[in-house]
Amino acid sequence: MDKVTIICPIYNTFPEVIGSMINQTHKNWTLLLIHDGPNSTNLQSLINVVNDDRVKYIETPERKNEW
């Protein structure tokens with residue numbers, strides 16, 4: 001089974017895509033959440049509650065706002 005990587009840009013909101021990905025029948029995936037700049041809403045701790053090693057969170061050091 002091939003591995004699928006999904007890249008999802010986010011900004012200061014909990015990404016609802018997490019629930020959708022966890023419910024997929026294809027289980028060999030990684031979800032890369034990229035936050036544009038430092039997060040002020042403690043999003044990292046909310047994503048940690050998901051407790052799924054397939055969900056990765058990355059935060060850029062400054063906001064580029066260039067999506």
Side-chain angles (χ1 to χ4, degrees):
M1 187 180 298
D2 292 333
K3 186 167 191 171
V4 176
T5 300
I6 307 298
I7 300 171
C8 182
I10 60 174
Y11 185 72
N12 282 345
T13 58
F14 184 79
E16 294 180 24
V17 69
I18 293 174
S20 177
M21 290 301 300
I22 289 173
N23 290 318
Q24 293 298 312
T25 56
H26 183 89
K27 299 297 181 189
N28 192 15
W29 54 264
T30 298
L31 175 60
L32 250 162
L33 302 168
I34 312 291
H35 190 275
D36 185 21
N39 180 263
S40 60
T41 61
N42 207 12
L43 194 54
Q44 175 71 57
S45 64
L46 289 173
I47 292 170
N48 288 344
V49 170
V50 173
N51 198 24
D52 192 317
D53 291 338
R54 299 172 296 179
V55 178
K56 311 291 184 199
Y57 176 79
I58 299 170
E59 206 173 89
T60 61
E62 64 182 68
R63 184 150 194 240
K64 297 291 186 182
N65 201 21
E66 297 174 356
W67 300 103

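Just so it is clear, the model here is predicted, and its values are computed rather than measured.
When every heavy atom of Tyr57 is checked against every heavy atom of His35, the shortest pair comes out as OH-CB, 3.4 Å. Between Gly37 and Thr60, the shortest heavy-atom distance links the atoms N-OG1, 2.5 Å. Pairing each heavy atom of Asn23 with each of Gly19, the nearest pair is ND2-O, 3.0 Å. Closest of all the heavy-atom pairs between His26 and Asn28 is NE2-O, 3.2 Å.
Sorted by first then second residue, the salt bridge (Lys or Arg N to Asp or Glu O under 4.0 Å) pairs that include residues 45-59, not counting sequence neighbours, are Asp52-Arg54.
Residues Ile6 and Met21 meet the side-chain proximity criterion, which asks for heavy atoms closer than 4.5 Å.
Transitive grouping of hydrophobic side chains (ILVMFWY, heavy atoms separated by less than 4.5 Å) keeps Val49 and Phe14 in distinct clusters.
Between the CD1 atom in Ile18 and the CG atom in Leu31 there is a gap of 6.0 Å [rounded to 0.5 Å]. Atoms CD1 and CG, on Ile58 and Asp36 in that order, are 13.0 Å from each other to the nearest 0.5 Å. Of the inter-residue distances, the one linking Leu43 atom CG with Tyr11 atom OH reads 11.5 Å to the nearest 0.5 angstrom. Glu16 contributes atom CD, which lies 12.0 Å from atom CD1 of Ile10 (distance to the nearest 0.5 angstrom).
Judged by distance alone, the side chains of Asn39 and Asn12 do bring a donor and an acceptor atom under 3.5 Å apart.
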